[in-house]
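Structure, as structure tokens:
Numbers restart at 1 for each chain; the letters A, B, ... are given by sequence-line order, proteins then strands.
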Amino acid sequence: MQKSKFLPRGRKDRTVVMVDIRETKSAKAADHFLQVRPGKDFELLTIMRAMIKDQEISEAEVAATGVSMEVLRDLIDQMKKAKFGVMFFGMGLSMTRGKHMNAAALLTFAAEMNAFTKFVAMPMRGHGNVTGADVIMRWQTGYPFGISLNRGYPRYNPGEFSTVDVLVRGDTDCAFIIGADPGATMPKPAIDHLAKVPTIVLDPHVTHTSRLSRVHITTAPAGIAAPGTGYRMDEVPMPLKPALNSPYPSDEEVVRRIKEAIAEKPDWMTNQPQMIESQV
Amino acid sequence: MNAITLRLRQEPVVALEAEVITPDRFAEMSHEEICSSIVYHGKRQLRLDEFFDVDGERSDQLILHGDLHRVRHLGRAMTRGSLTAHGDVGMHLGAHMKAGQIEVFGNASDWVGAEMSGGKIHVHGHAGQQVGAAYRGSLAGMKGGLIIIDGSAGIEVGMRMRRGTIVIGGPAKDFVGLQMKGGTIVLRDGAEIRAGAWMQRGTIISLKPLDMMPTFARSGLQNPTFISVYSSLLKPHGCELPNDAAAGGYLRYAGDRAVPGKGEILVWQEHSANEAY
Amino acid sequence: MLRITGGTVYDPANGIDGEVKDLYIADGRFSSKFETGRTIDATGLVIMPGGVDVHTHVAGGSINFARAMTPEDHRRTQAFIRSKTRRSGLGGMAPTTFATGYLYAGMGWTTVNEAAVPVLSARHTHEELRDIPIVDKSSLVLMANNEIILDLLEEGEDERAKHILAWHIWAAKSYGVKAVNPGGVASWKYGNDAKHLTSKIDGYDHVTPGTIITKFAKMIDELGIPHPLHLHCNNLGAPGNVETTLETMRHLEGSRAHFAHLQYHAYGGDDWGNMRSEAAQLADYFNAHPNMTTDAGAVLFGDTVTITADGPWQHLLYKLTGRKWGNLDVENETGCGIVPYTYRPSNLVNAVQWAVGLELLLLINDPWRVFLSTDHPNGACFWRYPEIIQLLMCSDYRNECMANLPPNIKNKISLPEIDREYTLYEIATITSAGPSRALGLPQKGDLGIGKDADLVIYHQDHDIARMFGHPRYVFKGGEIVIEEGDIRETPDGREYLVQPSYDPEIDKFLRPLFEDRYCMSFENYPVEMERIERSQIQDCVTLGGEGE
């Protein structure tokens, strides 16, 4: 692990606290492990927000989260004493009951910890270039995901336009999927809908989604046989330098050629002004 | 002034965005203008009469018939008149509404009355998520008016609401009154977990026991006088609040202390059930 | 070829003040000859060189974070609708990239300088700049809190630090150097700040903000970077910070320097209750010292989002507003804070800020040294520049606006005593000719033969904000891009870079230091030249006299 001016001994100068519902391999690599009762993340984080503001919470309420008052007090003390704290979180938090509000609880707690010391929070994203997609969507449309362009300009509404919700409700009559395998992870109604409508998949491999798709275009794997940019989870862009050649085109090339072919078709957005002052 | 009737003839395959269907717009339109109003079927702009049979013109009383569950933005930002739907309706019913009345004999989808500031919405069936809520990122949800849902409601009822009243007849899901800043939510059949989470101000009244957040402080049983005021205000809308000290009282919880907030949750408790307290 | 006839021309670079003059354009530049082609009759219209923004935040990690944080603003703002030739986008507090190009060009601005780029996210910034259409672009790299360079300064290895600095400028493919709260941002990594030029910086015994500032200005002059040190002073936004600003100016005597968003650094008093304008004191010093330029960083009332590498300030602002707060840390290079904010005329502090921006623009008497900016989006969004032009040109309008300020602002500002009104010639100077010269872009802000044919043609209008908000035509590189409010063409702009010379052996010295500190490989750090589309390298300059 990196050494630095303030942490000359690298890992030895750092403290890792693992919070999970079960003791995983990562927990063994940590200095401390806190076992929280499943489904109590939001409560625990909300209690911690109250405790750093010196609000009284009963021991019984704390214990109901699976963590004792003593352990929690000690954790908060250690956090306050840290010079620079980072909270990492993943899908165990953001995809269980409470979802985005569990993540919001962590982010708010991190912000409020700055009353004592420097703290930040950072999502541990899934595999692939999730952060990159998020970053580019933001600069081109203003929004990170859950975007509809059907009115000719970007609109955002998670729950309405987010992929899983659109598919579960059956709100689409076509699907175009790049760099993801929703057929492996999404709920059954979403997968059924993908099988029902024409689904086009760009992927180097045969996947759950490609098996149920109408069209599968094999592409060169990015970073291995196709160049590009991948964004690290802290939003630092890294150049992808291919080590191998591939007989297949890159995702970019396929999308560009599809776009060129579509440009030949008549435009469906006619008689639109260049700009509107108020949106739907 | 006769009402305008819209009958769904052709069911949309994907969402139909029809923010044009408001009393404000149709009040000044001829029959032909209404028929040729633009609706969005997915990315395609189509005439309203490709989907609806239209009867009447120049009226701010609208009556809709049919399975409208894919029809979104009905009554968006309306300021007058009435909209009555016989059948299920899609998302954003009465969002940004300022005045007037909406009544739905059927179910409604998500964001009923989102960020509304006045008027009344009554859904006789169930409602989806975020009733009277703020859209993502907005600082405030509902700012005034009344929403009544006879059936159940999804998560985040009244999220970040500032003023106004929401009554949910059936059970509500998680996060009722999330980050609430004011106003009143009445739960006639209780709610799942995390009601009142992070609330700053405002009142949640539940007639059924609630699974409380750990960051609320309980004080004693009481019968606040404003309950009877509230009850008489809600009575014409078919909702009464028990307020007989002989029969029971309200357990008062204050919070959310994580914020720290000055909201209150009042949970009705009959005396027989309260003996252990 | 193209000919524009009969327009009233304001071209400060050539001393032309409202003369009726024909302009010829060939191959994207102004030409002395016209043979055949379209003629545009500009009789009765006003012609100026295209606007140049010396300090704005339109691309990169921080503005992109601000976009993510403000969906509520995107939803209410104007939307650009896509067509077969145009991309869609949203305006507002933090416009999307395509909309940024449309909005700048839409009011006659044709060159913009993105003022804050960490090396680590430079690759990202260039990708965004590529997606900003129409305007030409440049960017400044954030360096004054770089651990490796500060370590060298601490050890007195100034010469080596200079080579490392030059290496970084090229690695980031930037156009110059921005210093933000020198030493303070480094300390913020540990929750501290460095408010004064003698403040202790966490982890250093000798180096202070004062040493960083003087040494950076000297290094940049020695390297001959066309644009001088672009400085965001310490102690931004705080009552009484004028002392820090004056002290900084004194440290920089004998060097070139550009002071960014001076409005945020010109306050007296010692708390929010008695904060007052010290614009007059600052302007006096500034007027007497020709080595400096500045941009106003003016504030307009309304909603915006503040973004700056000044992390400690943003945390304070979050605590003051209780609204959203975003914070980014870019490894050991820098950081950034983001807080949505509403400036209100009824708020005394905001009212003082509003007045200070205008006072600086009005009290600094040389329009070649003070430029129009709002530090977009910090003081206001760039697309509100026409409102500031109106405030500068019409003292009646200024007085009208002052009537809305709280009564207890008396004695805290000097704006009521100022009756100066800008002329069109001066407006053309502070919006175009001046910033072009300060940036070292002689082909910009100049309607002379051989210069880039970037110009704007306005209707004469007594409503100044309307006149500057709705040009009749905007030309970029000789092409009509805007006509009566409609976007005609969306050509891609250039990107300006500098390539200062450095000892090629410095790689060997830098690599182990880098590998010790960063969690990315050394080879992946510099931005590859092929990633910059339509790049143009500006020559470094040799400075005579005052810089030495």
Side-chain angles (χ1 to χ4, degrees), chain B residues 15 17 19-20 38-46 72-73 76-77 79 91-92 94-98 110-111 113-117 129-130 132-143 156 158-162 178-182 198-202 256-263, chain C residues 62-96 99 301-307 314-315 317-328 337-344 346-347 350 377 381:
Chain B
E17 297 187 350
E19 70 278 2
V20 69
I38 296 295
V39 290
Y40 288 79
H41 189 221
K43 66 184 182 184
R44 311 224 176 252
Q45 303 171 39
L46 298 167
R72 295 184 185 168
H73 299 291
R76 179 187 166 85
T79 66
M91 292 175 176
H92 312 292
H96 297 285
M97 174 175 183
K98 293 175 183 68
D110 308 337
W111 294 285
E115 301 189 12
M116 74 188 278
S117 52
Q129 307 182 356
Q130 281 105 0
Y135 285 108
R136 292 278 166 238
S138 293
L139 298 181
M142 182 174 181
K143 291 178 269 297
E156 298 181 7
M159 185 253 282
R160 292 187 203 147
M161 73 185 282
R162 188 164 269 166
L178 176 68
Q179 291 174 289
M180 195 172 168
K181 297 160 185 224
W198 304 2
M199 71 192 288
Q200 294 176 4
R201 282 175 184 278
D256 184 335
R257 305 174 86 174
V259 177
K262 293 179 180 140
Chain C
S62 51
I63 188 77
N64 212 32
F65 203 90
R67 291 182 187 116
M69 279 175 58
T70 54
E72 72 281 16
D73 183 63
H74 302 327
R75 275 198 292 269
R76 71 182 172 189
T77 189
Q78 54 191 342
F80 291 89
I81 296 180
R82 65 162 281 282
S83 72
K84 283 210 152 189
T85 54
R86 260 189 341 270
R87 305 290 295 267
S88 66
L90 300 171
M93 306 187 316
T96 60
F301 298 120
D303 292 331
T304 191
V305 54
T306 65
I307 60 173
Q314 291 298 81
H315 183 244
L317 199 58
Y318 157 65
K319 287 198 285 187
L320 288 172
T321 58
R323 278 168 70 172
K324 302 177 188 181
W325 172 47
N327 179 81
L328 287 170
I338 301 129
V339 181
Y341 192 78
T342 306
Y343 291 96
R344 297 176 205 279
S346 56
N347 175 308
N350 295 164
C381 303

C:R86 atom CZ: more than 12 heavy-atom contacts under 6.0 Å:
yes

CD (B:E115) and CD (C:E72) are apart, to the nearest 0.5 Å, by 9.5 Å

Under 4.5 Å from any heavy atom of chain B - which part of C:R76:
neither

C:R75 side chain vs B:R136 backbone, donor-acceptor pair below 3.5 Å:
yes

So, for B:G137 and C:P71, which heavy atoms are closest and what is the spacing to 0.1 Å?
CA-CG, 3.9 Å

